[in-house]
Amino acid sequence: MAKVIGGLFTSHVPAIGGAIQRGAQNEPYWKPFFDAWPPVRQWLGQHRPDVVVMFYNDHGLNFFLDKMPTFAVGAADHYTNVDEGWGLHPFPIPAGHAALSWAIVEKLVEREFDVTTCQEMLVDHAASIPLNLAWPGPDAAPVRIVPIAINTVQHPLPSAKRCLALGRAVAEALAEWPGDETILVMGTGGLSHQLDGERAGFMNPEYDRFCMDNLGPDPDALTRHSVHEMVELAGTQGVEILNWIAARGALGSSVAELSRTYHIPISNTAAAVMLYETADAAGAGQGRKAAAFA
Amino acid sequence: MSSTAKPIPGTHLFDGDAAMKGYALNAMCFSFNEKANREAFLRDEAAYLDKFDLTLAQRDAVAQRNVLAMIAAGGNIYYLAKLAGIFGLSVQDVGAQQTGTSVHAFKQMLLDQAIEPSTMEAAHG
């Protein structure tokens, strides 16, 4: 029986990849962000997930405006990251888990999410950097992945409510999956930031805190804002919180927050890293208190 | 959505209208994922623009390296970032230009939004 052990949420700013590739993790500018990771890696080392279900958004590597799916599910055994145009070297990408991808696709369509399936899909920095943060080094992370891309580029974007429901349908698929894999869910992007327009540089710690405080115990609270309101609150690119909301949905009803880091700024972004554990992981003899669960 | 919702100051939603208006410019920027195309652009910018059938407004915006004008012409920042990358410009350079300030001042504005760690960081479990 497969087991979903938890959720790992992180910003995916390209500059983080640059800092990794320069070895700048301990520079004063970068240290507060990279300090988030040792405890996360320790937890990953204890639980050793086999599979990562990755909710992220493409930034114009795989998808162009000629065809822009609202929800796209990778359904392949191989994915790659290539040159994205601004100098970051590609990161190695783990193998895919096509069989699990198709089980997720079956469940999503059954639940009336009419997703796009991709047997060929380039995955960009929004997936590659978080994987390398979690499993640093020159080799691909020792997992197989199911990438799920959400359109956060071209409006209209899917609502937060819809993204949470998508994640919850993925949770159903994972619960019904007959394999014995240990599964980690990841959601990447955000938090508040805006790259474009006269409001470039906008961040909003108050809204970010609202998101971080509610994501675990009450993710539905994040669905009360329209996408337009989210743009106003989080910035034009801060709407990447939609990836976090979908990923939270895939974790099931009850999670315990294990770690949280919030740091301003990384590039133009309010950066955050959060780790949640499910009751399944806590119940696996890892010494966590059941009382920690909301 | 954008036609009925109240505008957000200094913010340009990339909606269907923008996506249609900006298609050629964004298509050119998308091509910059490939190094050979970046090099071709640098070798002969005018010829490269011709290949993508840019509008006059888009051509002017690119010629002037004017990001707000590119956005007004339908450019999307994720694609425009690939153009900026050709010139070695970061999102702070692009942010400074759009907000009419120096790069130093823009970076300081970002740093000034930092808040006391004790108020935001918490360890749980």
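Here the structure is a predicted model, which means the values were calculated and not measured. Chain identifiers are assigned alphabetically (A, B, ...) following the order of the sequence lines, protein sequences preceding nucleic acid strands; residue numbering begins at 1 within each chain.
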Flag if over 12 foreign heavy atoms under 6.0 Å of CD, B/Gln108: yes

Neighbour count >12 (heavy atoms, 6.0 Å) for atom CD, A/Glu229: yes

Which bit of [X] comes within less than 4.5 Å of chain A, counting heavy atoms only: side chain, backbone, both or neither?
X        : result
B/Ala27  : both
B/Tyr23  : both
B/Lys107 : neither

Please report the interatomic distance [atom1]([X]) to [atom2]([Y]), rounded to the nearest 0.5 Å.
X        : Y        : atom1 : atom2 : answer
B/Asn76  : A/Leu195 : CG    : CG    : 10.0 Å
B/Tyr78  : A/Leu65  : OH    : CG    : 12.5 Å
A/Trp86  : B/Leu83  : CH2   : CG    : 14.5 Å
A/Asp196 : B/Ile71  : CG    : CD1   : 5.0 Å
A/Glu198 : B/His12  : CD    : NE2   : 3.5 Å
B/Asp17  : A/His155 : CG    : NE2   : 12.5 Å

Distance-minimising heavy-atom pair for B/Ala19 and A/Gln154: CB-OE1, 3.4 Å

Nearest atoms (heavy-atom pairs only) where B/Gln98 meets A/Ala200: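 Scanning both residues, the minimum pair turns out to be NE2-CB, 3.9 Å.
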
Considering only heavy atoms, which portion of [X] lies under 4.5 Å from any heavy atom of chain B: side chain, backbone, both, or neither?
X        : answer
A/Asp58  : neither
A/Leu61  : both
A/Gln194 : side chain
A/Ser267 : both
A/Gln237 : both
A/Phe63  : backbone

Residues of residues 51-69 of chain B contacting chain A, heavy-atom criterion under 4.5 Å, by residue number: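 The stretch touches chain A at B/Leu68.
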
Most contacts with chain B, counted as non-hydrogen pairs under 4.5 angstrom, among A/Leu157, A/Val231, A/Leu275, A/Thr269: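 Ranked by contacts with chain B, first place is A/Val231.
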
Parallel, tilted or perpendicular, as decided by the 30° and 60° cut-offs, for the rings of B/Tyr79 and A/Phe64: perpendicular

Taking the side chain as every heavy atom from C-beta outward, state whether [X] and [Y] have any pair of such atoms under 4.5 Å apart.
X        : Y        : answer
B/Ile8   : A/His228 : yes
A/Pro265 : B/Leu111 : yes
A/Asp83  : B/Arg38  : yes

Options B/Gly22, B/Ala18, B/Ala81, B/Gly16, ranked by heavy-atom pairs under 4.5 Å with chain A, top entry: B/Ala81

Worked verdict on A/Asn268 versus B/Gln92 for side chain to side chain contact (heavy atoms under 4.5 Å, CB included): CA-CA 7 Å; A/Asn268 290 20; B/Gln92 285 82 53; 2.6 Å; yes

Steps toward side chain to side chain contact (heavy atoms under 4.5 Å, CB included) verdict (A/Glu232, B/Thr11): CA-CA 8 Å; A/Glu232 184 164 31; B/Thr11 301; over 6 Å; no

